[in-house]
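Below: the structure, in structure tokens.
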Amino acid sequence: MRLLSYLLGSLSRYFPHSQSSSTPHLTFLLRSMATSAAAGPINPSNTRLGWIGTGVMGRSMCAHLINAGYSLTVFNRTLSKAQPLVDLGARLAQTPHDLAAQSDVVFSIVGYPSDVLQVLLDPVNGALSGLRPGGILVDMTTSEPSLAVEISTAASSKNCSSIDAPVSGGDRGAKNGTLAIFAGGDEAIVNRLNPIFTLMGKVNYMGPSGKGQFAKLANQITIASTMVGLVEGIIYAHKAGLNVASFLDAISTGAAGSKSLDLYGSRILKRDFDPGFFVNHFIKDLGICLKECQNMGLALPGLALAQQLYLSLKAHGEGNLGTQALILALERLNNATLGS
């Protein structure tokens, strides 16, 4: 595949304005051969990976790919956040365009839809502008379904593919390679990428472009109300004079048990509000959910309540804490502090 891509590049350099009838035919032939070669099984020996966004989640996800033997190029706007991966053997790119020019599959996991638009579709420095025909974009950011469709359309116009594949599982899921991955796009492409997805967690095919994002948004709606229930139960147990640690242990194996309790129960009791997932990013996700609800004519009051409570954290300057900091909002409402 690399050789065929090189030939395509050479052809465009030597015949930039050729009107010869043979040149388009040769270009089509080479692209067809490249597409055929790209359809083979993905493995470290034949697939170069690029990764945009090496924050709390991306750093661990990326490390799994390096440890599996994949050749990896990384980009992050804050270069220091990419350094641990460079130390593991990754190459550092100066722009998403440069990264994509060295990659067959480009992954991105950044903060906001505006960031996705910039790193993937910017006409000068975006990844798509540097990706060769047959290349694949995989956006793992939680973003807008309509943007996923836009990226897919843009990728198709360049004979490339795009998959929306947001994830759930937090920092622990990223570290342990146990993330839930919600994939939207061409199912055949998702299946081809499965050897890579398996290193990060379990991929779940949800439908055409945008459906991966819709699935992740539904996931966030579920988590939002679960987190409200968790912290309300904790506050109630505290006010009732229970040993809150014993209470959480008691309910963990019953009907009230949840992944949120497993991930965040002990952190809340330890006042550990370091971000596995930022409050600011959760507010962004819930805002997208509410926007989609408005488009659907859908009323979800639990979602709206959760968003207001998380917005109160941001108003108190706590947007860069982890989502488990929701307990602070309930403590303020009830003039109570755990442990007091």
Side-chain angles (χ1 to χ4, degrees), residues 1-5 33-54 57-75 85 88-91 93 96 99-109 120 127-128 131-142 148 151-152 155-156 159-209 211-213 215-216:
M1 180 177 175
R2 296 181 197 178
L3 176 59
L4 292 169
S5 297
M33 292 170 66
T35 302
S36 177
I42 284 178
N43 60 65
S45 67
N46 67 10
T47 307
R48 302 165 303 164
L49 305 182
W51 194 283
I52 301 170
T54 56
M57 299 286 288
R59 188 181 311 123
S60 294
M61 297 161 74
C62 219
H64 293 309
L65 308 185
I66 296 173
N67 292 335
Y70 281 95
S71 170
L72 203 74
T73 304
V74 297
F75 170 82
L85 296 169
L88 287 176
R91 293 183 298 275
L99 176 145
Q102 305 171 54
S103 306
D104 302 307
V105 183
V106 174
F107 293 85
S108 56
I109 182 164
L120 296 187
L128 185 58
L131 199 62
R132 293 181 178 90
I136 305 171
L137 298 176
V138 183
D139 184 35
M140 308 190 85
T141 314
T142 302
I151 294 168
S152 177
S156 295
N159 295 315
C160 296
S161 302
S162 173
I163 300 296
D164 48 294
V167 300
S168 180
D171 58 331
R172 290 188 184 177
K175 290 175 183 175
N176 296 332
T178 56
L179 293 168
I181 304 167
F182 309 104
D186 186 331
E187 187 172 10
I189 298 294
V190 173
N191 290 337
R192 281 195 59 229
L193 293 169
N194 193 55
I196 303 174
F197 284 138
T198 300
L199 298 171
M200 297 180 277
K202 180 186 176 184
V203 64
N204 307 272
Y205 181 68
M206 308 309 298
S209 294
K211 297 302 184 185
Q213 294 294 352
K216 175 60 189 290

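Side-chain atoms are counted along with the backbone in the values below, which use heavy atoms only and exclude waters and symmetry mates. By convention here, the first residue in the shown sequence is residue 1.
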> With N43, which residues qualify under side-chain contact (heavy atoms from CB on, under 4.5 Å), at least two apart?
Replying inline: S45, N46
>> Which residues pass the side-chain hydrogen bond (donor to acceptor under 3.5 Å, both in side chains) test with T54, not counting sequence neighbours?
In response: N76
> Quick one: side-chain contact (heavy atoms from CB on, under 4.5 Å) partners of A127, sequence neighbours excluded?
Replying inline: I52, P96, A100, V106, L120, L137
> Which residues pass the side-chain hydrogen bond (donor to acceptor under 3.5 Å, both in side chains) test with D164, sequence neighbours left out?
Replying inline: none
> What pairs meet the side-chain hydrogen bond (donor to acceptor under 3.5 Å, both in side chains) rule with one or both residues in residues 175-189, with sequence neighbours excluded?
Replying inline: none
> How far apart are the closest heavy atoms of L131 and D104, and which atoms are they?
Replying inline: CD1-O, 4.4 Å
> Would you find a donor on one side and an acceptor on the other, under 3.5 Å apart, between the side chain of N204 and the backbone of I181?
Replying inline: yes
Taking distance alone, no hydrogens or angles, what donor-acceptor pairs closer than 3.5 Å link side-chain atoms of residues 165-174 to residues at least two apart or in another chain?
residue	atom	partner	partner atom	Å
S168	OG	N219	ND2	3.1
D171	OD1	R267	NH2	3.3

> Are any side-chain N or O atoms of S152 and backbone N or O atoms of A148, one a donor and one an acceptor, separated by less than 3.5 Å?
Replying inline: no
> Is there a donor-acceptor contact under 3.5 Å from the side chain of R48 to the main chain of V105?
Replying inline: no
> Among all residues two or more places apart in sequence or in another chain, which pass the side-chain hydrogen bond (donor to acceptor under 3.5 Å, both in side chains) test with S161?
Replying inline: none
>> With a 4.5 Å cut-off on side-chain heavy atoms, are M57 and M140 touching?
In response: no
>> Please enumerate all residues that pass ring-ring contact (aromatic ring centres under 6.0 Å, His included) together with F107, with sequence neighbours excluded.
In response: W51
> Do the side-chain N and O atoms of R91 and T73 include a donor-acceptor pair separated by under 3.5 angstrom?
Replying inline: yes
>> Which residues pass the side-chain hydrogen bond (donor to acceptor under 3.5 Å, both in side chains) test with T142, not counting sequence neighbours?
In response: K216
